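All heavy atoms count here, side chains included; hydrogens, waters and symmetry mates do not. In listed order, ligands and their atoms are each counted from 1. On a predicted model such as this, the values are computed, not experimentally measured, just so you know.
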Amino acid sequence: MTDCIFCKIISGAIPSYKVYEDAYTYAFLDISQVAKGHTLVVPKKHSQDLLETEPAVLAQVITSVQKVAQMIDATLQPDGINIVQNNRAFADQSVFHLHFHIMPRYQDDIDGFGYKWQTHSDAFDADAMTALAEQIKNA
Ligand code: 5GP
Ligand code: ZN
């Protein structure tokens, strides 16, 4: 896609700090590092998000996510790793070319990494949970 920033990075039209590349995928440091080693993994074939991506392409991308996470784990030895993937602007997607964030976590994380959400274990009763599961299952 001509006006997609990640397509331009993949083609080399825009420079990047590449950490991995194969026939189907490309991985590079996020320009705004949330934590040391924060890396994006993308398919070379443009698709907007996870919901729109062909399963075969997705399989290639997630395989590369695992490979690059293992590379980061071996070299930077983080205390943990979050894999984050945003779909649509409402869910904080800002670049509309599918990407997975690999976010290494360290005990002394630089300030700003908030990855806690409020859980509501009593928000739906058993009947509501059953109906919800049925609704999704029947899609
Ligand atoms: P999103 O918010 O869509 O899940 O994540 C998009 C990410 O792309 C952001 O973390 C942002 O820092 C990163 N990003 C945006 N433009 C560029 C760029 O030109 N180069 C690199 N390396 N990262 C970018
Ligand atoms: Zn693209």
Fill in the blank from the handout: The atoms of ligand 1 lying under 4.0 Å from a heavy atom of S32, numbered in the order shown, are 12 (O)
Completion exercise
When rounded to the nearest 0.5 Å, the distance separating CD1 of I81 from CD of Q66 is 10.5 Å
Handout entry: Contacting atoms of ligand 1, where contact means under 4.0 angstrom from a heavy atom of F28
Key = 21 (C), 22 (N)
Problem - Atoms of ligand 1, numbered as shown, that sit under 4.0 Å from any heavy atom of S94 - result: 1 (P), 2 (O), 3 (O), 5 (O), 6 (C)
Exercise for the section: Without swapping roles, check the side chain of N82 against the backbone of V84 for a donor-acceptor pair under 3.5 Å. Expected result: no
Fill in the blank from the handout: Heavy atoms of I10 and P43 approach each other most closely as CD1-O, 3.5 Å
Problem - Proximal ligand 1 atoms for F6, defined as those under 4.0 Å from one of its heavy atoms - result: 8 (O)
Practice task
Considering heavy atoms of the protein only, find what lies nearest to atom 20 (N) of ligand 1 and give residue, atom and distance to 0.1 Å.
Solution key: I9 CD1, 3.6 Å
Exercise for the section: Take every heavy atom of H101, measure it against each atom of ligand 1, and state whether any distance is under 4.0 Å. Expected result: yes
Problem - Mode of N86 contact toward ligand 1 - side chain, backbone, both, neither (heavy atoms, under 4.0 Å) - result: side chain
Problem - Structural part of V84 in contact with ligand 1, heavy atom criterion under 4.0 angstrom - result: neither
Practice task
Look up atom CG in N87 and atom CG in L50, then write down how far apart they are to the nearest 0.5 Å.
Solution key: 5.5 Å
Practice task
Under 4.0 Å from a heavy atom of I5: give me the atoms of ligand 1 that qualify, with their elements.
Solution key: 19 (O)
Exercise for the section: Return yes if some donor-acceptor pair links the side-chain N/O of Y106 with the main-chain N/O of K36 below 3.5 Å, else return no. Expected result: yes
Practice task
State whether the side chain of N138 and the backbone N or O of E134 hold a donor-acceptor pair below 3.5 Å, judged by distance alone.
Solution key: yes
Practice task
State, yes or no, whether a side-chain contact exists between V57 and V61 at a heavy-atom distance under 4.5 Å.
Solution key: yes
Practice task
Determine whether any heavy atom of V34 lies closer than 4.0 Å to an atom of ligand 1.
Solution key: no
Completion exercise
Any heavy atom of H99 under 4.0 Å from ligand 1? The part involved is side chain
Practice task
Please determine if V95 has a nitrogen or oxygen closer than 3.5 Å to a nitrogen or oxygen of ligand 1.
Solution key: yes
Fill in the blank from the handout: Near the Zn ion (ligand 2), meaning under 2.8 Å, the protein N/O/S atoms are C4 SG, C7 SG, H46 ND1, H97 ND1
Practice task
Answer yes or no for I14: is there a heavy-atom contact with ligand 1 below 4.0 Å?
Solution key: no
Practice task
Could you see which bit of F100 sits under 4.0 Å from ligand 1, with heavy atoms only: side chain, backbone, both or neither?
Solution key: neither
Problem - Which segment of D92 sits under 4.0 Å of ligand 1 when only heavy atoms are counted - result: backbone
Practice task
Answer with yes or no whether the side chains of S64 and Y26 bring together a donor and an acceptor at under 3.5 Å.
Solution key: no
Practice task
Pull out every atom of ligand 1 sitting under 4.0 Å from any heavy atom of Q93, numbered as shown with elements.
Solution key: 3 (O)
Handout entry: Distance (rounded to the nearest 0.5 Å) between E52 CD and L58 CG
Key = 12.5 Å
Practice task
Taking the six-membered ring for Trp and the single ring otherwise, decide whether the centroids of H97 and H99 are under 6.0 Å apart.
Solution key: no
Handout entry: Linked, directly or transitively: L29 and I9 (ILVMFWY side chains, under 4.5 Å)
Key = no
Problem - Donor-acceptor contact below 3.5 Å, side chain E54 vs main chain A56 - result: no
Practice task
Give the single entry among V42, L29, D30, N87 that approaches atom 13 (C) of ligand 1 most closely by any heavy atom.
Solution key: D30
Handout entry: Heavy-atom donor-acceptor pair, D30 side chain to T39 backbone, under 3.5 Å
Key = no
Exercise for the section: Applying ring pair (Phe, Tyr, Trp, His ring centres under 6.0 Å) between F6 and each of F100, F96, F28, report the one that passes. Expected result: F28
